There are 2 protein chains.
Amino acid sequence: MNITSKQIAELCGVTRGTVDRALNNRPGIHPETREKILRVAEELGYRPHFLAQSLVKGHTKTLGIVLFDIHNRIFSQLFHAFEAEARKRGYIVYLVLSHRDKELELEYINNLLDRRVDGIALLPANFNKKFESLLLRSRTPIVTFGNRLNGPFPYIWIDDKQAIQDSVSFLIQQGYRRLIYISPPLMRKGKENIHVPEQRYNGFIEACEATPDMRFDIIAQKNYLAELETLMDTTDSSSAILCSSDVYALEVLKWLNDRKIKVPEQIGLMGFDNIDVLKYINPAITTVDYNVNEIGTRLADLLINKINNQDIPSETLIAHHVVEGQSATAMR
Amino acid sequence: MNITSKQIAELCGVTRGTVDRALNNRPGIHPETREKILRVAEELGYRPHFLAQSLVKGHTKTLGIVLFDIHNRIFSQLFHAFEAEARKRGYIVYLVLSHRDKELELEYINNLLDRRVDGIALLPANFNKKFESLLLRSRTPIVTFGNRLNGPFPYIWIDDKQAIQDSVSFLIQQGYRRLIYISPPLMRKGKENIHVPEQRYNGFIEACEATPDMRFDIIAQKNYLAELETLMDTTDSSSAILCSSDVYALEVLKWLNDRKIKVPEQIGLMGFDNIDVLKYINPAITTVDYNVNEIGTRLADLLINKINNQDIPSETLIAHHVVEGQSATAMR
DNA sequence: CTGTTAGCGCCTTCAC
DNA sequence: GTGAAGGCGCTAACAG
């Protein structure tokens with residue numbers, strides 16, 4: 001169906017070796033022969049068979065990236081940057097969505113490995129030894145992000161623990177003395193890789209315990225609004241709700257709005273991630289910002305460098321900072 | 001590096017043909033030989049080389065999907081559904097982002113073709129004959145969506161013209177008699193494939209012209225807020241702004257908020273797409289809803305059916321309906 | 001039942 | 001400068 005180098009060889013009355021020399025302009029071929037072959041190839045719209053090339057060259061110029069989903073804006077932005085950098089460096093990417101499902105992730109990883117991707121950017125849901133040894137045995141370059149593994153896999157993200165501590169500091173400074181921390185992923189502890197939620201959780205606990213007179217609660221379940229409800233009568237204007245992600249903060253704000261509870265007048269609210277839809281929300285939600293585009297770009301950069309056998313740092317942490325909105329400003 | 005069927009053959013003292021029979025459990029092999037081969041393969045963690053398989057089988061079990069971007073929620077949702085259906089049917093997908101850039105789209109299409117993807121789901125930015133003939137010549141199954149080509153390419157989306165007419169009808173019914181239609185993509189007319197924006201535009205014009213006493217304006221430029229400003233002193237509470245997409249409606253609402261112009265008291269506002277972030281917005285934006293998950297699923301379904309040489313409809317239109325919020329409710 | 005052979009499309013020595 | 005041959009890893013048709 002498609003024109004092959006063999007056919008060109010026949011048409012030009014030469015052998016495939018010569019055609020190859022012309023096509024990949026390698027030395028050792030008469031200029032005229034080259035001209036002719038190139039012309040014929042051009043006319044016939046010859047395009048090399050990428051798979052066949054990959055098979056012999058041993059690389060596919062393909063990257064795989066596994067994400068939980070792209071509903072969370074943070075991940076769709078990350079993908080954008082990743083894809084752009086990959087393209088600039090000559091790679092095309094498989095995007096697969098694990099939905100935090102360990103089985104599915106495993107299935108996908110195996111599939112990507114079978115397809116001989118040159119490297120994988122991985123947001124891991126699995127976390128056990130068996131999984132890691134599969135990755136290691138594959139000898140495929142891998143860079144993790146947004147969740148850490150135990151083995152020697154390079155990692156890029158932010159300093160989550162510090163970021164939450166900064167958030168708590170900010171809230172304390174605003175005069176808040178009673179905090180409710182909402183982080184549903186914590187409920188999957190032991191069942192799933194929740195490295196980042198745990199880092200944030202640890203940061204929260206430490207920061208709170210280091211503060212005299214601080215009261216705090218943790219909500220770690222899927223149905224977090226129901227639990228929040230039971231806590232509401234213990235709150236006042238010196239209370240604030242800190243969410244481990246903007247997506248929860250948005251839900252909480254909506255829930256509070258529906259109940260005519262005013263933010264920040266009656267209770268403070270703070271998110272995390274600074275996803276871009278926040279700009280449309282009233283009141284502006286105080287949150288933690290970090291350059292996710294940079295993460296995406298660096299992620300691709302690191303992975304490709306690793307593919308090229310360059311040394312890359314085992315950990316790359318991107319800067320973060322609290323962005324003050326109007327949702328966590330206690331009446332002092 | 002990785003174990004091959006040849007090595008298994010040697011280890012088992014048989015030939016590759018036999019190994020192949022065992023691995024792909026084909027008939028004509030002694031149960032014991034099969035057992036042994038399977039056991040050895042299992043122990044060594046043998047996995048077939050997907051590329052080599054593809055090369056000989058003539059298919060790659062790979063789909064390509066080209067999107068403008070995944071910032072617009074409608075596209076990330078669509079991808080989710082597409083990816084899920086593809087996976088269920090045994091395919092993995094390349095996601096490439098054209099950013100509406102015709103050159104880039106072309107480059108990507110060629111790349112996907114070189115990689116011998118089994119099919120392409122295409123949101124086209126290009127629209128000329130040359131582009132279409134490239135697609136046709138490739139003989140690769142293609143299904144378009146969200147923008148139409150002229151050639152015989154199956155298409156799936158919604159009835160955009162009708163949807164805007166329904167929107168206008170709704171606004172008229174609410175008592176609006178002066179409409180401002182905002183659709184920035186229209187400015188790229190002639191330069192880029194804007195099939196859908198044009199359909200919506202046509203629907204708008206027809207619906208307005210069919211209505212006596214209707215005044216209307218079109219804003220078709222990137223800097224639409226600036227143009228909107230010049231029109232604001234010609235509006236009153238019987239005026240409404242109709243946006244060709246929710247993303248513009250969100251910007252407009254923010255802009256109006258900043259100017260303390262009340263929606264819908266002073267002016268009506270309506271969007272299109274019903275992207276999921278709308279649920280967090282106040283006032284609730286009236287918009288047009290359609291099941292984008294269904295589009296994503298059907299898109300994959302159609303494409304795969306086409307790959308399997310089944311007949312598929314040249315046009316598939318998904319239902320839509322106006323969702324009433326509080327942003328376009330004239331004081332009657 | 002199993003081995004042999006040929007081929008998918010391309011690249012890469014090694015002779016001539 | 002060019003041809004011939006072998007191989008990437010797997011499948012498939014044909015013998016035996």
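This one's a predicted model, so the numbers in the text were calculated from it and none came from an experiment. We name chains A, B, ... by the order of the sequence lines, and we start the count at 1 in each one.
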Hey, are Lys189(A) and Glu198(A) close enough for a salt bridge, meaning a charged N less than 4.0 Å from a carboxylate O?
yes

Show your reasoning for whether salt bridge (Lys or Arg N to Asp or Glu O under 4.0 Å) applies to Asp301(A) and Arg89(A).
CA-CA 9 Å; Asp301(A) 180 56; Arg89(A) 312 271 289 263; 2.8 Å; yes

Closest to the Thr33(B) side chain: dG3(C), dA4(D), dC1(C)?
dC1(C)

dT2(D) P sits how many Å from Glu35(A) CD, rounded?
13 Å

For residues His80(A) and His99(B), establish whether the separation of their ring centroids is below 6.0 Å.
yes

Select base, sugar-phosphate, or nothing to describe what Thr18(A) touches, counting heavy atoms under 4.0 Å on all strands.
sugar-phosphate

With a 3.5 Å cut-off and sequence neighbours excluded, list the donor-acceptor pairs that the side chains of residues 106-118 of chain B form with protein atoms.
| from | atom 1 | to | atom 2 | distance (Å) |
| --- | --- | --- | --- | --- |
| Tyr108(B) | OH | Glu83(A) | OE2 | 2.6 |
| Tyr108(B) | OH | Arg87(A) | NE | 3.4 |
| Asn110(B) | ND2 | Leu106(B) | O | 3.4 |
| Asn111(B) | OD1 | Arg115(B) | NE | 2.7 |
| Asp114(B) | OD1 | Arg47(A) | NH1 | 3.0 |
| Asp114(B) | OD2 | Arg47(A) | NH1 | 2.6 |
| Arg115(B) | NH1 | Thr62(A) | OG1 | 2.7 |
| Arg115(B) | NH1 | Tyr94(B) | OH | 3.2 |
| Arg115(B) | NH2 | Lys61(A) | O | 2.8 |
| Arg116(B) | NH1 | Leu113(B) | O | 3.4 |
| Arg116(B) | NH1 | Asp114(B) | O | 3.3 |
| Asp118(B) | OD1 | Thr60(B) | N | 3.0 |
| Asp118(B) | OD1 | Thr60(B) | OG1 | 3.3 |
| Asp118(B) | OD2 | Thr60(B) | N | 3.3 |
| Asp118(B) | OD2 | Lys61(B) | N | 2.6 |

Of all residues at least two apart in sequence or in a different chain, which pass the side-chain contact (heavy atoms from CB on, under 4.5 Å) check with Asn24(B)?
Asp20(B), Arg26(B)

Whole Å only: how far is the CD1 atom of Ile8(A) from the P atom of dG3(D)?
15 Å

Sugar-phosphate or base contact per nucleotide [nucleotides 6-16 of chain D; S, B, -; heavy atom under 4.0 Å]
--BBBSB----

Expressed as a whole number of angstroms, how long is the span from Ile37(A):CD1 to dC11(C):P?
13 Å

Lys/Arg N to Asp/Glu carboxylate O, Arg298(B) vs Glu85(B), below 4.0 Å:
no

